[in-house]
Amino acid sequence: MSVLKKLAGETASYGISTILGRSLNFLLVFIHTAAFLPEDLGINVKLYSYVAVANILYTYGMETAFFRFAAEDKTRYYNLIQTALLVTSTIFSGVLILFSSSIISSLGYPHRELDLICLAVLIWIDSITAIPFARLRLEKATKKFVTAKIINILLNVGLNIFFLLGLKKISEGDYLTFLQPLAQMLYIPSIGAGYIIIANLLANMSYIWLLRKEIFDYKFEFEWPLFKELLVYAYPIMIMGLAGMVNQVFDRILLEQFLPENFYPGRTSRQALGIYGNAYKLSIFMALSTQAFRYAAEPFFLSKNKDKNSTETLAEATKWFTIVCIFIWLGVCLNLDWLKKLFLRKAIYQEGVSVVPLLLLANLFLGVYYNISVWFKLNNKTYFGTIITFIGLAVTVILNIVLIPKLGYMGCAWAFLISCFTMTLLCYYWGQKYYPVPYRIKSAVGYIVSAGALIYFTLSIPIANLWISIPYHALLLILYTIGVIVVERKTVLPERWQKRFNLS
């Protein structure tokens, strides 16, 4: 149990930056949906989908490779990987900038070259700081990791407020009219939602200063034989990560293209993409716990593969990760009635919240998949990850093509959920053959089914009056929490309490 507490402590530490940072970033949904219409934000939704894929290509599995081989010679591998990423990232971004006009036009967004140039530099920064951040995780330099992430988030939020609530609103004469001439000189309306990308880029530039020691504390050196060994290990992880990321963002790439005209009366396909993309952000709460746990768990379990109790630890950690995710699923779904009004300011964006329960559950399965996938990394059988991810991608592509014309963006949500569940099931099946772990399957199924039933029951009986619905939903969540405590009493309650209430 002490090992689990250590892992939980590290997860909580990373969670400070992840949850606080993402929560602050989530507030940007409030700002963005108030400042722009769905067709404007729809462009950003698609561009950032491509950015997510590009980030995988830029780092090509080297973060995991660094964790795997750093124990042999951390400095040597750090120098090698950082050198390789610096060279390849510069080439990749250089090509994007050089051909920005033709690339952005081919995507259907002419005259948005500035957006692509900014994104090319942004991805370059993410790439050259990826291994420095990995080094901080490996060295347990949690404080510096957390500080850098939080500063970046605060800068991004601050710059969004400055550009969109400050310059934009003042230039339009909403307030502080005496500053309107100055604001109109500084704010360029044609850039529009591109200011979101500019703010993101300026915030990410802070990483170069905050991680200057790690970035520049290496020798520019390259050893092809050693790098070839790294590539052999990392390329299946890159392909797996690439397919996995495409799996996550492919719905937003396909929606605009495959949605029939007038599927949503009075809405264009680009508006539907903007609505779905911003409703999707309400499922970000599930991704928070997944990312925080992965930051701590990946180096933790990869470094303890020879521990005789590692499988039991993994099983227990996965059980509690699942329980936490289920509470997030419940918490968001039971409070959708006021969350949508709080964060999706324009009524047009609130049309898409029906996808949120499905997307949250999909991310829950995706988080479980990431947790149990440690078996093929420990056994150097990363090709299994590639197979599983490509099967998941195939499910996503086929179901999106089939379901979008019939169900609209609800088809995207169902496709993602079925894909994530399929990947989790396959990973568990093969994992039990090569790295048996005593997972608490009955427990997980029981919690998911009971929580799903509660969500379905609650959403089937909407309560318009928030003064009634909020306390009522809070009561349901408390009752469910009590039920979990009773079931897990031997773990969560002190022994004297168990005897006192006859719970043993």
Side-chain angles (χ1 to χ4, degrees), residues 29 32-33 36-56 103-110 112 115-116 119 192-193 196-197 242-284 286-287 340 343-344 346-363 365-366 392-423:
V29 178
H32 296 166
T33 54
F36 300 108
L37 293 171
E39 52 264 38
D40 299 316
L41 294 182
I43 299 174
N44 280 27
V45 168
K46 182 169 282 191
L47 289 179
Y48 270 105
S49 297
Y50 286 117
V51 167
V53 175
N55 276 327
I56 305 295
I103 292 173
I104 201 69
S105 295
S106 68
L107 294 176
Y109 309 127
R112 298 293 296 265
D115 291 359
L116 183 56
L119 288 173
I196 296 171
I197 298 173
L242 183 62
M245 186 54 68
V246 171
N247 189 16
Q248 292 184 55
V249 302
F250 212 62
D251 51 358
R252 278 148 285 174
I253 294 174
L254 290 180
L255 180 59
E256 189 176 3
Q257 179 182 353
F258 283 88
L259 189 69
E261 188 176 353
N262 293 323
F263 184 90
Y264 296 105
R267 306 280 182 253
T268 65
S269 58
R270 185 168 295 177
Q271 286 177 319
L273 176 61
I275 293 169
Y276 176 66
N278 283 279
Y280 192 102
K281 293 176 182 177
L282 286 173
S283 68
I284 198 174
M286 192 68 75
K340 67 180 182 181
F343 292 106
L344 304 176
K346 291 184 172 68
I348 187 173
Y349 289 105
Q350 298 173 19
E351 297 172 6
V353 296
S354 57
V355 302
V356 174
L358 296 179
L359 292 174
L360 284 166
L361 181 57
N363 277 286
F365 282 120
L366 190 62
L393 177 58
V395 172
T396 295
V397 173
I398 294 171
L399 289 181
N400 269 289
I401 293 173
V402 172
L403 296 179
I404 287 175
K406 297 179 180 179
L407 301 176
Y409 40 64
M410 278 297 290
C412 296
W414 275 110
F416 186 43
L417 171 58
I418 295 170
S419 173
C420 291
F421 177 74
T422 301
M423 291 169 59

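Predicted model only: the values in this text are computed from it and were never measured. FYI, side chains are in, hydrogens and waters are out, and symmetry mates aren't considered; it's all heavy atoms of this structure.
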Next on the checklist: Using every non-hydrogen atom in the two residues, find where Pro38 and Ile348 come nearest and quote the distance to one decimal.
Outcome noted: CG-CD1, 3.6 Å
Next on the checklist: Quick one, Tyr264 with Ile275, criterion side chain to side chain contact (heavy atoms under 4.5 Å, CB included). Give me CA distance, side-chain angles, the key distance, then yes/no.
Outcome noted: CA-CA 11 Å; Tyr264 296 105; Ile275 293 169; over 6 Å; no
Checklist entry - For Tyr109 and Leu116, what are the C-alpha separation, side-chain angles and deciding distance, and is it a side chain to side chain contact (heavy atoms under 4.5 Å, CB included)? => result CA-CA 10 Å; Tyr109 309 127; Leu116 183 56; over 6 Å; no
Next on the checklist: Give me each pair satisfying side chain to side chain donor-acceptor pair (under 3.5 Å) with a member in residues 347-362, each pair once, sequence neighbours excluded.
Outcome noted: Arg267-Glu351
Next on the checklist: As an exercise, state the distance from CZ of Phe258 to OG of Ser269, rounded to the nearest 0.5 Å.
Outcome noted: 12.0 Å
Checklist entry - What distance separates Leu259 CG from Leu273 CG, expressed to the nearest 0.5 Å? => result 9.5 Å
Item to check | Nearest atoms (heavy-atom pairs only) where Leu399 meets Ala415 | outcome: CB-CB, 3.6 Å
Checklist entry - With Pro260, which residues qualify under side-chain contact (heavy atoms from CB on, under 4.5 Å), at least two apart? => result Phe263, Pro405
Checklist entry - Is it true that Glu256 and Arg270 have a side-chain N and a carboxylate O under 4.0 angstrom from each other? => result yes
Checklist entry - Given side chains that start at C-beta, do those of Gln257 and Ile404 come closer than 4.5 Å, heavy atoms only? => result no
Checklist entry - Quick one: which of Leu255, Leu254, Ile253, Val395 gives a side chain to side chain contact (heavy atoms under 4.5 Å, CB included) with Asn400? => result Leu254
Checklist entry - Are Asp251 and Tyr280 close enough that a side-chain donor and a side-chain acceptor fall under 3.5 Å? => result no
Checklist outcome for this item: In short, Gly352 meets Val355 closest at the heavy-atom pair O-CG2, 3.1 Å
Checklist entry - Is the number of heavy atoms from other residues, nucleotides or ligands within 6.0 Å of CZ (Phe421) greater than 12? => result no
Checklist outcome for this item: For Leu282 and Leu360 the tightest heavy-atom approach is O-CD2, 4.3 Å
Next on the checklist: With side chain to side chain contact (heavy atoms under 4.5 Å, CB included) as the criterion, how do Tyr48 and Leu119 come out once you've worked through the C-alpha distance, each side chain's angles and the decisive distance to 0.1 Å?
Outcome noted: CA-CA 9 Å; Tyr48 270 105; Leu119 288 173; 4.2 Å; yes
Checklist entry - Arg112 and Asn44: side chain to side chain contact (heavy atoms under 4.5 Å, CB included), yes or no, with the steps? => result CA-CA 11 Å; Arg112 298 293 296 265; Asn44 280 27; 3.8 Å; yes
Checklist outcome for this item: When every non-hydrogen atom of Val249 is compared with those of Ala52, the smallest separation belongs to CG1-CB, 4.1 Å
Next on the checklist: Going by side chain to side chain donor-acceptor pair (under 3.5 Å), name the pairs with one or both residues in residues 408-421, residues two or more places apart or in two chains.
Outcome noted: Asn247-Ser419, Thr396-Ser419
Checklist entry - Tyr276 and Ala413: which non-hydrogen atoms are nearest, and at how many Å? => result OH-N, 4.1 Å
